There are 2 protein chains.
Amino acid sequence: MDNLNALDIFKALSNETRLNILKWLREPEKNFPAQQAHLPKEVSIEGGVCVGDIQEKVNLSQSTVSHYLSLMQKAGLLEAVRYGQWTYYRRNEVTLAKIAQFINEEI
Amino acid sequence: MDNLNALDIFKALSNETRLNILKWLREPEKNFPAQQAHLPKEVSIEGGVCVGDIQEKVNLSQSTVSHYLSLMQKAGLLEAVRYGQWTYYRRNEVTLAKIAQFINEEI
DNA sequence: TTGACATATCGAATTAAATCGATATAAGAT
DNA sequence: ATCTTATATCGATTTAATTCGATATGTCAA
């Protein structure tokens, strides 16, 4: 996912739960108590939270949450890092900055 | 429409044609040759373009374009000014600035 | 190598968005 | 008053998004 696909990004942002996920991922430690509990101490996935922890918080089915996260990742809003059986998702600040800039300069 | 409804705004932005309309309205004189042709010289609706001129450019049905514009206006992205039988739409820069700021600070 | 857990994908059902043509409303001109 | 032109609204159809439960895949542990 290199170049900005504004349409996919705006579609991904057109949903309350997905907006919340992005917001929560600004402060993962605060919003996801169990954050990175599965990682050994020497490993850290900066800002990343696993699917299960997110699912618990949003209270939608596992498949829906997985779908949301993958869709946000495809749009470039999130990055995914796999560690063992877990997938950690974190914000992609580059895209977020670019889309704000896009609104200011292009739209 | 005072306070920012982010969801409605992102939904309004999730469409290529609507994105184009916003872009074109940055430079109405350039993008809409007949701009404000119906207005007497002493009246000016700064940056405004009437529905018919926009419709001609996007090549969708009159009802679809009218619906688009009204939806963008309800979201706060456009302002509508009626002059006689015409409705002139123009960008609402306040909302546009706010939504970019919202992405940078809230999301 | 079998079992348990985390996540992803599939297929189906429901709900929402896009889009049209037809019609209504509103203003201006005759 | 009537006709025309501009825009808005309505109702219907098609297409896309949401959401689920079931199942597949991948990883680790016993």
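The structure displayed is predicted, hence computed values, not measured ones. Hydrogens, waters and symmetry mates are skipped; everything else that's a heavy atom, side chains included, is used.
- Among the candidates B/I9, B/N92, B/I21, the single residue satisfying the side chain to side chain contact (heavy atoms under 4.5 Å, CB included) test with B/L77 is B/I9.
- Remark: B/K11 fails to qualify as a cation-pi partner of A/F10 under the 6.0 Å distance and 45° angle criteria applied to the six-membered ring.
- Side-chain proximity of B/T87 to the nucleotides D/dC20, C/dT7, D/dT7 is greatest for D/dT7.
- In this model, the phosphate group of D/dT7 is not approached by any side-chain N or O of B/S66 to a distance below 4.0 Å at OP1 or OP2.
- For A/Q62 against C/dA8, a side-chain N or O and a base N or O form a donor-acceptor pair under 3.5 Å.
- Scanning atom types as modelled, no donor and acceptor separated by under 3.5 angstrom connect the side chain of A/Q85 and the base of C/dT7.
- Side chains of A/S66 and A/S63: a donor-acceptor N/O pair is absent below 3.5 angstrom, by distance only.
- Between the C1' atom of C/dC5 and the OH atom of A/Y83 lies a distance of 16 Å, rounded to the nearest Å.
- DNA chain D lies under 4.0 Å from no heavy atom of any residue of residues 53-61 of chain B.
- For the pair A/R82 CZ and C/dA6 C1', the computed distance is 7 Å after rounding to whole Å.
- For the pair B/W86 CH2 and D/dA6 C1', the interatomic distance rounds to 8 Å; values are reported in whole Å.
- Here the shortest heavy-atom pairing between B/L22 and B/R91 reads O-NH1, 3.0 Å.
- Within residues 9-25 of chain A, the residues that place at least one heavy atom under 4.0 Å from DNA chain D are, in residue-number order, A/K11, A/N15, A/R18.
- Per the geometry, CG belonging to B/L71 stands 7 Å off P belonging to C/dA18, to the nearest Å.
- Looking at heavy-atom distances under 4.0 Å, B/Y89 makes contact with sugar-phosphate atoms alone, never a base.
- Here the side chain of A/R26 pairs a donor or acceptor atom with the backbone of B/I107 at under 3.5 angstrom.
- What separates CG of A/L69 from P of C/dA8 is a distance of 7 Å, to the nearest Å.
- Between A/S63 and D/dA22 there is no side-chain polar atom (N or O) within less than 4.0 angstrom of OP1 or OP2.
- Remark: A/E16 CD is loosely packed, at most 12 non-hydrogen atoms of other residues, nucleotides or ligands lying under 6.0 Å away.
- Among the protein residues, B/H67 comes within range of the nucleic acid bases, having at least one heavy atom under 4.0 Å from a base atom.
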